[in-house]
2 protein chains.
Amino acid sequence: MYTSSEEDYLKAILKLSRKENGPVTTGALATELHTAAPSVTDMIRRLAEKRLATYERYHGVQLTDEGLRIATALVRRHRLWEVFLTEKLGFPWDAVHEVAEQLEHVQHPDLIERLDAFLGYPRFDPHGDPIPNAQGVWPERQRQLLSTVEVGVQVVIAGVDDHSVTFLQHLDRLGINLGTRIAVLERVEYDLSLYIHLVEQNRDLMLSDKAARSLFVEPIN
Amino acid sequence: MYTSSEEDYLKAILKLSRKENGPVTTGALATELHTAAPSVTDMIRRLAEKRLATYERYHGVQLTDEGLRIATALVRRHRLWEVFLTEKLGFPWDAVHEVAEQLEHVQHPDLIERLDAFLGYPRFDPHGDPIPNAQGVWPERQRQLLSTVEVGVQVVIAGVDDHSVTFLQHLDRLGINLGTRIAVLERVEYDLSLYIHLVEQNRDLMLSDKAARSLFVEPIN
DNA sequence: TTTATTTTTTAGAATATCCTAAAAATTTTT
DNA sequence: AAAAATTTTTAGGATATTCTAAAAAATAAA
C-alpha cells in the first residue's frame, strides 16, 4: 500500500508530534530520520498529496486522521515484533529495534492480529512502551520518571526513555530490568544522583541523575 | 547488503537452475519474476558486476559460489518463516508464501539461526520442500510423484510440486495433507486418474492425473 | 542455406528516493 | 525595525529499478 520510506516518515511524524504538539518541522524530521532537509520537503509534499498529512510551506507537517491511523498501526507492528524477538527468540532488549524496524514494514491483512494473539496480547513492549491495540487505542499506565520519585518510596521499573544500546547495556550491568523493584534511599544534593536499593537482589547502588531521568517507574500495585 | 530486488533475482536464478542445468535464460527469468525482459538484462548485468553471477550476452546467467550461497540462504529464510507462519501463527499453507516473500528479506546476523532454534530445526517447510541448513546443505529425502506409485502400494504425502493456492485448497477440500497416509487402489487406464484410499480417514476418493503429478509421496518408514 | 520467427539486447524514458548548492522565507539578534 | 543567523525550499542531479519500442542476435523453418 505505502512504501517503507513513506511509512518511516509517517512514524517519525507521529513520534515527534507526540512530544511537542503542533506541526512537526522539516528540520526535526531530517534529524530524526538522518536525512537531508530537502529530502524531507520532497516526502512531506508527497504525503500531503496522498492526504496522509497536511503541509504548509515553511510551517511543518501534521498527520491527517488517515496518516495517524497508519502511523499508529506501524508503532503497533514494531512493538509487537519487539515482543516476539525478546520473548520468543531470546534477543536482548538492546538488539531488537533494528530488526523490528524492518519487520514492521511487512504487509499482510491479518499477520499482526495473529502475532498479537500468539504473544498473548501484550500491552507493553520490551522497553515498557505502550502497544496500541488493533483499534489504535493506547494502553494507559501511570508512570513517572525515577528522578521525580520522593526519597523513601518503593517503585517498579516500568520503562526507559532513552532507548540507546549503551543505556540499555548499562542497565543490564547494574541488574536493572523491567519489573525490578527498587526503593529510593537518598538523593544527593550536589549532583542529584540517587542511592537506590534493589529489593529482589537485596543490593544498593548509585544512579546518576541522567540515568534516573531516563527511567520510568510505576507505583507498586 | 543486497537489495530485495537483487535477492529476488538470485533466488529465481537458483530456482530455475535447479530444474534445468546450465545457464538460465533471460526469458525464463522474466516469466518467473513477472517482469519485462529488458529489466532482467539490466539486473543480471549488475549481478555479474558484483560477482554474484556470470553472464554472457545472449547466453543466460549462472550463479557464482557467492551468488549460490546468498540464494540458498534466502530459500532457507523463506521456508523457515513459512514454518513459523503455519506452526506458530496458524496460517493455512496456501497463505504463507506471500508473507514469507517479504520476511525473507529482513536482514540480521542471527535472526534466522534463532528462528530455526525456536522452531526446533525443521527440515521441511509446510509444503514439504527441503530447508537448507545454516551451511547451505539440503536435507535428502526419497520422494517420488504419486503418479509413479504402483497400484497396491501404501505411501505418505510428503510434498506438493504445484504451490498454487487453488491446488492447495483443492487438497484441503479432499482432506489431503502432509503426512496423510494413502494407498493406491487403482489407476484408470483411460485418463490415468487414481482411486486412492485415505488410511486414517478410512475413505476412498478419486484423484486426477494432473493432481497425482503434483503430489510428492514417500515410502512408509 | 536463405528466410522467417523468436529471443535478447540496446536506447531512451519514467518513478521513487536521495543528495548538494543556491535561493527564499522565517526567526533571532541587535 | 533593520541586520544577521537559521531554517526551509527550489533547482538540478545521482542511483536503482522498471518500462516500451526498436535493433541485433540466435534459433527454427522452408
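A, B, ... follow the sequence lines: proteins, then strands. Residue 1 opens every chain.
- The aromatic rings of A:Phe84 and A:Phe118 are tilted relative to each other, their planes meeting at an angle between 30° and 60°.
- One finds no side-chain N or O of A:Ser39 lying less than 4.0 angstrom from the OP1 or OP2 phosphate oxygen of C:dT17.
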Which atom pairs, one a donor and one an acceptor, fall under 3.5 Å between side chains of residues 19-36 of chain B and the rest of the protein, sequence neighbours left out?
unit_1: B:Thr25; atom_1: OG1; unit_2: B:Ala28; atom_2: N; d: 3.1
unit_1: B:Thr31; atom_1: OG1; unit_2: B:Gly27; atom_2: O; d: 3.0
unit_1: B:Glu32; atom_1: OE2; unit_2: B:Lys15; atom_2: NZ; d: 3.2

Apply side chain to side chain donor-acceptor pair (under 3.5 Å) to residues A:Ser5 and A:Thr3 and explain how you reach the verdict. CA-CA 5 Å; A:Ser5 200; A:Thr3 68; 5.1 Å; no
Output one line per pair: protein atom, nucleotide atom from nucleotides 2-6 of chain C, and distance, for all N/O pairs under 3.5 Å.
none

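- The side chain of A:Ala36 lies closest to C:dT20 when the candidates are C:dT20, C:dC18, D:dC19.
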For nucleotides 7-17 of chain D, 5' to 3', base contacts (B), sugar-phosphate-only contacts (S) and non-contacts (-) with protein non-hydrogen atoms under 4.0 Å give -BBB------B
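- Ionic pairing of A:Lys11 and A:Asp8 is not present here: no N-O contact between side-chain nitrogen and carboxylate oxygen is shorter than 4.0 angstrom.
- For the pair A:Glu49 CD and C:dT17 C1', the computed distance is 14 Å after rounding to whole Å.
- One atom, CG of A:Leu10, and another, C1' of C:dT17, lie 15 Å apart when rounded to the nearest Å.
- Put simply, the side chain of A:His127 gets close to the backbone of A:Trp93: a donor and an acceptor are under 3.5 Å apart.
- A tilted orientation is assigned to the rings of A:His78 and A:His97, their planes being inclined by 30° to 60°.
- Annotation: side chain of B:Glu104 is not in contact with side chain of B:Ser4 (no heavy-atom distance under 4.5 Å).
- A donor-acceptor distance shorter than 3.5 angstrom exists from the side chain of A:Arg114 to the backbone of B:Gly90, with no hydrogens or angles considered.
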